[in-house]
There are 4 protein chains.
Amino acid sequence: MDKAYIQQLLELDGESVKLTEKKAAILAKAIENFAEKGYAATSTSEIAKQAGVAEGTIFRHYPSKKDLLMAIVKPGILKLIVPYFADQMIQEVLDPEKVELEELLRAFIYNRVKFVKKNTLMVRIILQEIAFHQEIQEAFKQTFLTKIYPKVVEKLKELQQEGKLNEYPIDTTLRFILSTVMGFLLHRYILLSEPIKNEEQEIEQMIQLILDGLHYNHRSE
Amino acid sequence: MDKAYIQQLLELDGESVKLTEKKAAILAKAIENFAEKGYAATSTSEIAKQAGVAEGTIFRHYPSKKDLLMAIVKPGILKLIVPYFADQMIQEVLDPEKVELEELLRAFIYNRVKFVKKNTLMVRIILQEIAFHQEIQEAFKQTFLTKIYPKVVEKLKELQQEGKLNEYPIDTTLRFILSTVMGFLLHRYILLSEPIKNEEQEIEQMIQLILDGLHYNHRSE
Amino acid sequence: MDKAYIQQLLELDGESVKLTEKKAAILAKAIENFAEKGYAATSTSEIAKQAGVAEGTIFRHYPSKKDLLMAIVKPGILKLIVPYFADQMIQEVLDPEKVELEELLRAFIYNRVKFVKKNTLMVRIILQEIAFHQEIQEAFKQTFLTKIYPKVVEKLKELQQEGKLNEYPIDTTLRFILSTVMGFLLHRYILLSEPIKNEEQEIEQMIQLILDGLHYNHRSE
Amino acid sequence: MDKAYIQQLLELDGESVKLTEKKAAILAKAIENFAEKGYAATSTSEIAKQAGVAEGTIFRHYPSKKDLLMAIVKPGILKLIVPYFADQMIQEVLDPEKVELEELLRAFIYNRVKFVKKNTLMVRIILQEIAFHQEIQEAFKQTFLTKIYPKVVEKLKELQQEGKLNEYPIDTTLRFILSTVMGFLLHRYILLSEPIKNEEQEIEQMIQLILDGLHYNHRSE
DNA sequence: GATGAATGAGATTTCATTCAT
DNA sequence: AATGAATGAAATCTCATTCAT
């Protein structure tokens, strides 16, 4: 994990954060340790030693150990929940004229797969610590409800009205999609250490399963 | 959490464990605290104080804090993974004559819902700690691969041969079912604190989604 | 270390002590552990476990850990300092008619060699603990000054008057003999673990060295 | 025990160690307590309190209690075994032209007497702990065999060839000298608390005893 | 006599945090 | 900004001893 990686990891709204070498080193080692052993089982002195800085230096930048955690986790939550639409595929899909659930789903999934693969440690930290820190829970809920939920509900309602989606309650459908995708991501990229052999094939199968589950079959039209 | 509850929680193979009052109190408070704050953030002195015993008493029964964790987690893993087929519904389903995927699924889901509702704290501890303790990971993997996986694969293959299931690879189907059910359980019973309003309705919807996803439609026969 | 050995080890004035099996087991394991790790670094629970008795049982026989130590050490001091004149050689030597320094010395040395070889662990414990326990120091000093010192001084004075010994102060001579013999015993039987090859030859050389050091040469007469 | 004393006590190869005031205080109190009560019976909290530092401070400098012991004992072993030839007497003796066993012995003894008187506590600690710590035993053996034994054997062989020493095996002679001198040192400076009245006279008598024991009499030539 | 669960004081060690330099 | 010695509270664990059975 070099400085540039840390920098893009923690940037918000495309604005890069300024990082000294030492600060970057601290963050890098904090991320590694939090991911591997958990926040509570990681000591600041260990981070300092691994980062090659004095113990006091950490506290110069982050008033407390918890602040260090939040400095890492907060940008992570935002990026995990709110896809950053830089890639081509998702840009096309958002073009409202030609939207189809399948394409939307495919774009979303590939985008999140890419994100999780690139930010495995960060995602791991968020998952591991969310149960223990109310601040993280609230940041998560808050971000989801304001940044994503309304847009997604709107889009799904549209599809429902166009007869392209079943008549189940939106929330049930959404939970179904999210828990299936999240289950896949966690299982394949966070829990397992072995790389996946037929990644694309697996993803396509999952998409079909979800679409079938939603009675959505564009091929039958 | 009274002694009787702890006792059934930790029993293995139906053999009840012998617990003194103090030991039960220690386990009860350990479970509560591990679930709420995590293993690493829970101190033995806190457990002792809450359980009304001297700190030394904990270490008389469990040589180390980690032993205390494992005493709780090991029976939990087994029971979480291997359903204990005591209830009526699942007994009927296992009757090989009339097995149908839908009934099997329904029985499995209700059985696990019941288990998770009854053992929320324990399930929470397993989930939270599995990432940090290799022993737990291995116990989990081991138990799953030896006790459950072979039987389930066999049953699904049967269904496939009878044309009652799609032709996707068994592992993909299995992961789909498990991650959907687990996603539901986690979301509804572990993460959320609010009780569910239309529990049965939600479960039935999920069953239909999964069945549709698997191209399994007994109604069309 | 069986019960009979412990019994003779702790007997005083030829009167055997009564020992139950448990008591003997406790003493045996206490001796082993005190000798190997030292009194302070040995725990009573370890002794209990090794002896196959309950922790409380030790305290039923010995009110405190220190009492257990003293029960072992006190008879040991007495026997280490005051030779128990059972063997033939020393009996003959004490016959006043024919006493010669060389014979006296030889008898004394062989007698103590025998004792130390038989009671290595006990001697080790005394040596190791004497620095830390005033009670042991005093028992040692007391025993030496009352039971041995006067007799030895008297004998040496006799020899001096007969011209069979140098004219140095008795105390200097005595210290020379004792520290040489003790140095030998410690070095050969307590510190070293390897058995000695030419034991008798070594002892005879030491005797000659001491005699020469004391200007005592009966052969020149 | 002031900082300067600790400094020279722990220096190796004439290179002084850097000591903060606190570190010196910790070492001073550790030495006092280890010497008086033994390592196992001394608590770090006692040392901290007496040294006027927080308990954590000890562990900042010495990762474990055992490290603290070894920091004290290791330089001590070296200096106890390997005389540091700073004083006049020993320098002269090492001048090969005029070496005589008597002078060599006298220089060695006075040098070690001086050392033991100056470093009583340290010597006491080494003696008391050597039985319990394999590390110390090995450091001792190692240091003796590599730094001292070969030189001394060579010198004694020379003397033997010149007919200035008996024909006993070198090892026997060496053990005789060392155990006599060590016995004297231990007895007079470590075990006894009272100061010696006629120190020089006692030492000279001991020298004569040893020389006579070795059949070495340069006056008769 | 024997047990062993229970105690609570205290041992070693860890760790987030402070602060003088 | 950076250091790292120092802190002291708290963490895990040990242990001699007691006591009800």
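Every chain is numbered from 1, with letters handed out A, B, ... down the list of sequences.
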message: Below 4.0 Å from chain C heavy atoms, what is the first contacting nucleotide of DNA chain E and what is the last?
response: E:dG1 to E:dG4

task: Report the residues that fulfil side-chain contact (heavy atoms from CB on, under 4.5 Å) with D:Ala131, sequence neighbours left out, ordered by chain and then residue number.
output: C:Gln128

- request: With DNA chain F as reference, determine whether D:Ala54 or A:His61 sits nearer its 5' end, using the nearest nucleotide of each.
  value: A:His61

- prompt: So, is A:Lys23 near the phosphate of F:dA2, with a side-chain N or O under 4.0 Å from OP1 or OP2?
  reply: no

Please output the side-chain donor-acceptor pairs of residues 49-56 of chain C that fall under 3.5 Å, not counting sequence neighbours, one pair per line with the distance.
| residue | atom | partner | partner atom | Å |
| --- | --- | --- | --- | --- |
| C:Gln50 | OE1 | C:Asn33 | ND2 | 2.8 |
| C:Glu55 | OE2 | B:Arg60 | NH2 | 2.9 |

- line: Quick tally for nucleotides 9-16 of chain F: nucleotides whose base has a protein heavy atom under 4.0 Å get B, sugar-phosphate-only ones S, the rest -, giving --SBBBSB

- prompt: In degrees, rounded to 10°, what is the bend between the two ends of the helix from E:dA2-F:dT21 to E:dT21-F:dA2, using five pairs at each?
  reply: 10°

- line: The complete set of salt bridge (Lys or Arg N to Asp or Glu O under 4.0 Å) pairs with one or both residues in residues 32-46 of chain D, sequence neighbours excluded, reads D:Lys29-D:Glu32, D:Lys37-D:Glu46

- request: Apply side-chain contact (heavy atoms from CB on, under 4.5 Å) to C:Ala28 and list each qualifying residue two or more places apart in sequence or on a separate chain.
  value: C:Met1, C:Ile6

- prompt: Residues in side-chain contact (heavy atoms from CB on, under 4.5 Å) with C:Gln134, at least two apart?
  reply: C:Gln137, C:Glu138

- request: Round to the nearest Å and state the distance from A:Leu19 atom CG to F:dA1 atom C1'.
  value: 15 Å

Set of residues satisfying ring pair (Phe, Tyr, Trp, His ring centres under 6.0 Å) with respect to C:Phe34, sequence neighbours excluded: C:Tyr39

field: Which atom of B:Leu27 lies closest to which atom of B:Leu68, heavy atoms considered
entry: CD2-CD1, 3.9 Å

task: Apply side-chain hydrogen bond (donor to acceptor under 3.5 Å, both in side chains) to B:Thr120 and list each qualifying residue two or more places apart in sequence or on a separate chain.
output: none

- prompt: Looking at residues at least two apart in the chain, or sitting in another chain, which of them share a side-chain contact (heavy atoms from CB on, under 4.5 Å) with C:Glu21?
  reply: C:Lys3

statement: So salt bridge (Lys or Arg N to Asp or Glu O under 4.0 Å) across residues 119-137 of chain B, not counting sequence neighbours, yields B:Lys66-B:Glu135

